[in-house]
> 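My structure is below; once you've seen it, I'll send some questions.
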Amino acid sequence: MSNPLAGLPPRLLRTKEAARFLGISIRTLEKHRTYGTGPIYRKIGGRVLYAVEDLQAWTAIGARKSTRDETAGRVFPARPLTPDERDEQ
């Protein structure tokens, strides 16, 4: 079965919609953007927009099968990163 969205541009969400999609507060998403710990975003005409695919990719970084899963990535908290954490990113 073919993808009905194939060939269409990515769906772009504003900050409020993106935060709701992720299940986090608007303020937390804004902090992630400020500290560079959040998903990729676009700035178009003064508006901040997020592609659904980028939001899904960001959340996939922290996907794991168990608490002992050492291959899983790390989604950092919305705060300035330490030098060690920046190297890990």
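Computed from a predicted model, the values in this text were never measured in an experiment.
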> Which value, rounded to the nearest 0.5 Å, describes the distance between Leu22 atom CG and His32 atom NE2?
8.5 Å
> Hey, quick one: are Ile61 and Phe21 part of the same hydrophobic cluster, counting side-chain heavy atoms closer than 4.5 Å, chains of contacts allowed?
yes
> Just wondering, do Val48 and Arg14 contact through their side chains at under 4.5 Å, heavy atoms?
no
> Looking at OG1 of Thr15 and CG of Leu49, how far apart are the two atoms once the value is rounded to the nearest 0.5 Å?
8.0 Å
> Any chance you could measure Leu13, atom CG, to Arg42, atom CZ, to the nearest 0.5 Å?
10.5 Å
> So, for Leu29 and Tyr50, which heavy atoms are closest and what is the spacing to 0.1 Å?
CG-OH, 3.6 Å
> So which atom in Leu55 and which in Pro39 form the shortest heavy-atom distance, rounded to 0.1 Å?
CD2-CG, 3.7 Å
> Supply the atom-to-atom distance Arg33 CZ to Tyr41 OH, rounded to the nearest 0.5 angstrom.
6.5 Å
> Considering only NZ, NE, NH1 and NH2 on the basic side and carboxylate oxygens on the acidic side, decide whether Glu17 and Arg20 come within less than 4.0 Å.
no
> Looking only at atom types and distance, does a side-chain atom of Trp58 sit under 3.5 Å from a main-chain N or O of Glu53, one as donor and one as acceptor?
no
> Counting distance only, does the side-chain N/O of Thr28 pair as donor-acceptor with the main-chain N or O of Ile24 below 3.5 Å?
no
